[in-house]
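In this chain, residues are counted from 1 in sequence order.
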Amino acid sequence: MMRKSIIRLLMGLLAILVLAAGCKKKNTDSNSSENNTTQQEETKAPALTADDIIKNAETMTYTSTDSDDTTLYDDYAIPFDEVLIMPQMYTAEDIVNYDTDQLFFTPAGKDYLICSFEEGKTLLYTYDYAGNPIEMRGRVVYASKDALLSANKDKNLVEFTMNENGYTYCDNILYYQMDETGLASITHTANKYNFMKIAANGLWKDYFYYFSVPYKPSNDYLYADTSEEKQSGDQKEEDGEVYSEDAFGEKKIYELFTNIMNAKNTDRSTFAKYFTSDVSENLVNQFYSMQYRSPSEFANHKVLIAAQEGNLCFASVVFYTVPKDYPKTKVDSYIFGALLEYDETSKSLKVKATSVAGSPLEDTYYRNTLTDYCYEAYSLGLFYRKYLPPFNLEQYFGYENIVYGAVAEVFNDELGNFYVTLYFANETDEKVTIGNMDYLAMECEQGILFEVSAGLNFELDAHSATVYFLSIPQEFFNYSEVSYVSVSAFEYTVN
């Protein structure tokens, strides 16, 4: 079992190794790796039309290189309470609505921002009390249905049915919902109060935007519908009830998620019972109409509990098949996860939300799923992004009978240094040596951000896992300003 105390020790030791050995730029003319090289290629961030909406919004947020400097706003009275309501050019009556918006383009709460930075493309952010987005949706209106289908051939669109990547369409309108990973990556850049500063500074004066709550509330009355979870402290509800591990047993989690994934074989009324009473009909409908891969497609599965307190937990099931020719062919995997609540009356688990945002579990979730250094970046509002399925680092996650390596997270420190966290899990019965990182390439919206290789050379015991931190020097970067970073390729040697 990998403990956080061990992680901290590795941080110190490996930081020394990185400084001593360092990274080196990848020689693109070098020969390919030998047969003992394990490859894990993460999916590139798709260059999709709806994703362009997000990129446009984030680019607009940082039109100035100093736009996140508080001194830029010294001449503006930024409203942070109910008295200082932010003036807006538009009202709710100016929002353009379509009949199908009620299915796929409605806010998840009363505090939201709707904005458009490009004709025909609209963003909808819903916020929690802290101003962090708990949901992000996109809407793209095309000239015709044929134009929409032609521009989105690669999305496997089904009309009126949200697919597993969060896309659907209705006639000539494309709808999009950001997934958990994407939402976590924009939590700080899309903060409501940061956006209010930018709007107040006049940077959005040529665009449409409307804040439903143009101030910071003096209390959380607006968010009562998302804050009804009982505070747990040390695993107890207010009435003193203690929830045992059995309440969040792996079998119960697996059965709940597979029942939801078999929606096509379930009537709507039965399906609704898998959700808590405060889950909106729209969200239940989205789960019900979504296309899922069948659990029977996979040879194995693993239940992961990222965080659990009181009557809440965030859990996932990773379904996977390791191909016979691994690592030549990568692992086929599929993940399903949600915030769950234990219902004392029915003695069952139910889906509470799609993310931990705004729940009492939020901080615990990030403490458990991020390394200590990355959690510090998250807490300070610095850039970070995580890539692995969410699981508690006090335990470990790996695929049966193989050595698995991946990029776990990237983050900046307060000095602007950039770090990559590598994760390795050995689920074989033999001790192995992780030799070289033959090739790591990371990509941003402008292209390949950097390409590096490095000598790792450490042993990994059977049925154990560890992390390795790389510091990437600024001179290795091809671009200085980016809004997202994805893994293009990751290759390493196992001896």
Side-chain angles (χ1 to χ4, degrees), residues 1-11 14 40 180-181 184 232 234-235 243-257 298-320 322 331 333-340 342 349 355-356 359 361-376 378 384 386-409 411 421-432 434 458-469:
M1 185 174 291
M2 182 179 65
R3 310 301 299 180
K4 283 199 173 179
S5 59
I6 296 177
I7 294 176
R8 295 190 187 98
L9 177 60
L10 285 170
M11 286 180 181
L14 296 179
Q40 173 67 30
E180 168 74 17
T181 301
S232 58
D234 57 354
Q235 304 287 333
Y243 290 90
S244 68
E245 290 298 323
D246 293 337
F248 303 97
E250 293 185 2
K251 183 178 180 181
K252 288 185 177 181
I253 293 170
Y254 178 80
E255 288 179 349
L256 173 62
F257 285 162
F298 302 92
N300 300 288
H301 72 271
K302 194 161 189 174
V303 176
L304 306 174
I305 298 179
Q308 184 248 311
E309 289 183 7
N311 65 336
L312 293 176
C313 82
F314 188 92
S316 308
V317 177
V318 178
F319 302 89
Y320 69 94
V322 178
V331 175
S333 62
Y334 183 79
I335 185 171
F336 187 100
L339 179 66
L340 308 179
Y342 183 74
L349 287 176
S355 77
V356 297
S359 79
L361 208 59
E362 184 172 8
D363 187 67
T364 302
Y365 172 88
Y366 286 107
R367 281 186 181 275
N368 288 354
T369 60
L370 301 176
T371 61
D372 290 348
Y373 286 169
C374 190
Y375 175 77
E376 183 177 6
Y378 156 76
Y384 83 99
K386 63 187 184 75
Y387 303 99
L388 290 179
F391 66 96
N392 191 338
L393 289 176
E394 291 286 344
Q395 299 150 13
Y396 74 92
F397 162 72
Y399 296 118
E400 186 175 349
N401 298 325
I402 66 170
V403 178
Y404 169 73
V407 175
E409 59 195 17
F411 59 92
T421 308
L422 306 180
Y423 175 81
F424 297 95
N426 177 14
E427 279 285 46
T428 71
D429 295 329
E430 304 292 335
K431 179 185 291 187
V432 299
I434 307 298
F458 64 88
E459 292 185 336
L460 186 59
D461 289 336
H463 304 289
S464 68
T466 191
V467 292
Y468 194 110
F469 293 84

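Taken from OH in Tyr365 to CZ in Phe314, the straight-line distance is 5.0 Å, to the nearest 0.5 Å. The CD atom of Gln395 sits 9.0 Å away from the CG atom of Leu304 when rounded to the nearest 0.5 Å. Expressed to the nearest 0.5 Å, how far CD1 of Ile305 lies from CG of Leu340 amounts to 8.5 Å. Annotation: the span from Leu388 atom CG to Thr421 atom OG1 amounts to 9.5 Å, rounded to 0.5 Å. For the atom pair CD (Glu376) and CG (Leu370), the distance works out to 12.0 Å, reported to the nearest 0.5 Å.
Relative orientation of the His301 and Tyr254 rings is parallel, given thresholds of 30° and 60° on the angle between their planes. Between Tyr404 and Phe397, the two ring planes are perpendicular [angle over 60°; tilted spans 30° to 60°].
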- Message: Test side chain to side chain contact (heavy atoms under 4.5 Å, CB included) on His463 and Asp429; report intermediate values, then the result.
- Response: CA-CA 7 Å; His463 304 289; Asp429 295 329; 2.7 Å; yes
Checklist line | Residues Phe257, Phe319; criterion ring pair (Phe, Tyr, Trp, His ring centres under 6.0 Å); working and verdict | finding: CA-CA 11 Å; Phe257 285 162; Phe319 302 89; 8.7 Å; no
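Scanning both residues, Leu349 and Lys252, for their nearest heavy atoms gives CD1-CB, 4.1 Å. Contact record, Cys374 with Phe411: CB-CD2, 3.8 Å, taken as the closest heavy-atom pair. Of all heavy-atom pairs spanning Ala425 and Gly398, the tightest one is CB-CA, 3.9 Å. The two residues Leu422 and Val407 make their nearest non-hydrogen contact at CD2-CG2, 4.1 Å. Across all non-hydrogen atoms, the minimal contact from Lys302 to Tyr396 is NZ-O, 3.9 Å. Nearest heavy atoms, Phe248 versus Asn311: CZ-C, 3.7 Å.
The shortest distance between side-chain heavy atoms of Ile434 and Thr466 does not fall below 4.5 Å. Between Thr428 and Val403, some side-chain heavy-atom pair lies under the 4.5 Å cut-off. Looking only at side-chain heavy atoms (C-beta outward), Val322 and Asn401 stay at 4.5 Å or farther from each other. Proximity of Leu393 to Phe391: side-chain heavy atoms (C-beta onward) are separated by under 4.5 Å at one or more points. Counting only heavy atoms from C-beta outward, the side chains of Leu339 and Ser359 approach each other to under 4.5 Å. Within the 4.5 Å cutoff, the side chain of Asn300 has no heavy atoms near those of the Phe298 side chain.
For Glu400, the salt bridge (charged side-chain N to carboxylate O under 4.0 Å, His left out) test picks out no residue, with sequence neighbours left out. Judged as a salt bridge (charged side-chain N to carboxylate O under 4.0 Å, His left out), and not counting sequence neighbours, Lys386 has no contacts. Residues forming a salt bridge (charged side-chain N to carboxylate O under 4.0 Å, His left out) with Glu362 (at least two apart in sequence, or on another chain): none.
Counting only N and O atoms by type, the side chains of Tyr375 and Asp363 include a donor and acceptor under 3.5 Å apart.
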